[in-house]
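A short worksheet on the structure shown next.
Remember, predicted model here, so these are calculated numbers, not experimental data. Residue numbers begin at 1 in each chain, while the letters A, B, ... track the order of the sequences.
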Amino acid sequence: MTATLKTREKEIIIQGNRPLYRIMEDLQLSPQAYLAAREGMLLTGDDRIEEGDVVELIAVVSGG
Amino acid sequence: MKCTICNQKAALHLEHHNLALCSDHFPEWMCKQTERTIQKYSMFRRDEKLLLAVSGGKDSLSLWDILWKLGYHADGIYLDLGIDQGTRYSCTSGEMAQAFAAQRGLNLTVLDIRAKYGESIPEMGARTKRGHQKPCSQCGLVKRYLLNKAALDGGYDAILTAHNLDDEAAFLFSNLTHWSMQYLGRQHPLLPATTGFARKAKPFCLLYERETTAYAYLNNIAYVYSECPYATGSKQLRNKTYLNRLEDEQIGFKYQFYTGYLRALEAGAFPAGQETPEVLEQYRCTNCGQPTLSDGLCTFCRLVKKN
């Protein structure tokens, strides 16, 4: 029932079979700060993350 | 979620516009929004010679791509800051910028700070000890000076930067919390040319950072993804985090915050600041001839002069 989230720094194993926005909420990640992509396709918050999915979280924020 | 235009699967939900767009319609929308901002503020025309500050990051490469598609003639300039120790940050950024330009047949000038002035930005920072062990203030000063000089020397009509709405909102937040009136009077998307200073424009100022990132991703633009090593823990990043929390609570917050400020600025709520044309006519740097606020060397020449 798990899926994998890959960020710039690490990989996180998460519970799958639920919409992306719920996962972001649980991880306390702002949807403003990340884009999510699966197999090269950008996802919106209502997209379901299924078991075995590998989702890339692309950090949006930059600047010093 | 479906694309508002064609009903295909949406790639991005633009909540503050009440819009969802697919991977075909989102890039088109980005081009239209950029053109609209250029026209709204009368930034520049297609027959003008433009110079874009290119960092190798998502914003500047996306802006260059859009300007190219819209038929604007922008050359790029990449400043090699020499931030490489242990990271190859500048090296990688430069490679990204050069590969992008080569793929599209665009002109890119590379200016190596160390080769030209004898020191990289981290070396300048370490020598001057200004900025609490971080060279960020020197970096800002050097970039502003050299971009302006390149625009004037090259006969360009305007210099463009790819600051996005999140950048502008974070600057504004910082300037307001410090009541920095001299900056609050100058944070407009278009700064007209004045004595010794080229026109400056920010065509991405009304686009969210997640939108410029999505544009780069959907257009397969290879950009430097790693962060400048000196940006870790910076006020700018911290302010962006605060503003994103507010945006999560109140969709459209950053847009309203920045555009509300612009309306106040245009209504004259903030004075023009110290660097008025009259003040800048008074003194010239004794080394480079640039207008300056006091007699002697300008701030840049004081920085690069080692003795």
Side-chain angles (χ1 to χ4, degrees), chain A, chain B residues 1-3 9-15 20-23 26 55 57-59 83 134-136 139-140 163-164 166-167 170-171 208-214 216-218 220 223-237 239-241 243-249 251 253-254:
Chain A
M1 301 284 275
T2 61
T4 306
L5 280 190
K6 293 170 75 169
T7 69
R8 183 153 50 187
E9 298 86 14
K10 57 186 175 184
E11 285 190 12
I12 310 165
I13 304 298
I14 50 154
Q15 184 199 330
N17 295 332
R18 53 196 180 132
L20 174 65
Y21 80 89
R22 292 291 303 275
I23 294 167
M24 299 289 279
E25 277 176 3
D26 282 358
L27 295 172
Q28 297 186 316
L29 296 175
S30 167
Q32 304 303 322
Y34 294 94
L35 292 173
R38 178 175 53 200
E39 295 174 4
M41 304 277 283
L42 287 181
L43 303 174
T44 52
D46 63 334
D47 280 318
R48 281 189 74 79
I49 306 305
E50 305 293 352
E51 185 182 348
D53 278 354
V54 177
V55 176
E56 183 189 4
L57 283 186
I58 304 154
V60 158
V61 180
S62 67
Chain B
M1 192 174 295
K2 302 290 185 190
C3 174
K9 187 200 166 320
L12 211 67
H13 185 199
L14 308 166
E15 283 182 275
L21 294 171
C22 66
S23 54
F26 174 71
S55 68
K58 64 188 190 305
D59 299 304
I83 302 172
K134 280 192 172 191
C136 302
C139 187
H163 291 103
N164 57 50
D166 295 58
D167 295 325
F171 290 139
Y208 278 45
E209 194 156 31
R210 68 193 303 270
E211 294 162 2
T212 62
T213 310
Y217 186 85
L218 292 172
N220 296 313
Y223 63 89
V224 63
Y225 186 48
S226 58
E227 193 58 271
C228 172
Y230 294 105
T232 309
S234 72
K235 279 185 204 161
Q236 173 82 342
L237 287 181
N239 289 341
K240 283 186 174 184
T241 303
L243 290 166
N244 278 340
R245 283 185 198 154
L246 291 166
E247 182 80 23
D248 288 336
E249 297 288 326
I251 294 303
F253 177 87
K254 290 182 287 191

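- Checking side-chain atoms of B:Arg210 against main-chain N and O of A:Ala59 turns up no donor-acceptor pair under 3.5 Å.
- Annotation: side chain of B:Tyr217 is in contact with side chain of A:Glu56 (closest heavy-atom distance under 4.5 Å).
- In this structure the side chain of B:Asn244 never reaches within 4.5 angstrom of the side chain of A:Val60, judged on heavy atoms.
- Neither the backbone nor the side chain of B:Thr241 comes within contact range of chain A, judged by heavy atoms closer than 4.5 Å.
- With hydrogens and angles ignored, the 3.5 Å screen pairs a side-chain donor or acceptor of B:Lys240 with a backbone N or O of A:Ser62.
- For the 3.5 Å distance criterion, the side chains of A:Ser30 and B:Asp248 qualify, holding a donor opposite an acceptor.
- Only the side chain of B:Asp59 comes within less than 4.5 Å of a heavy atom of chain A; its backbone N, CA, C and O stay farther away.
- With rounding to the nearest 0.5 Å, the separation of CD in A:Gln32 from CG in B:Leu243 is 10.5 Å.
- By number of non-hydrogen pairs under 4.5 angstrom with chain A, the leading residue of B:Gly233, B:Ala20, B:Cys139, B:Ala11 is B:Ala11.
- For the pair A:Ile58 and B:Thr213, the minimum side-chain heavy-atom distance is below 4.5 Å.
- Using a 4.5 Å heavy-atom cutoff, the side chains of B:Leu237 and A:Val61 are in contact.
- Of the possible donor and acceptor atoms, one in the side chain of A:Arg8 sits under 3.5 Å from a partner among the backbone N and O of B:Tyr225.
- Proximity to chain A is limited to the side chain of B:Lys254, based on heavy atoms less than 4.5 angstrom apart.
- Within residues 37-49 of chain A, the residues having any heavy atom closer than 4.5 Å to a heavy atom of chain B are A:Ala37, A:Gly40, A:Met41, A:Leu42, A:Leu43, A:Thr44, A:Asp46, A:Asp47, listed by residue number.
- Neither the backbone nor the side chain of A:Glu25 comes within less than 4.5 Å of any heavy atom of chain B.
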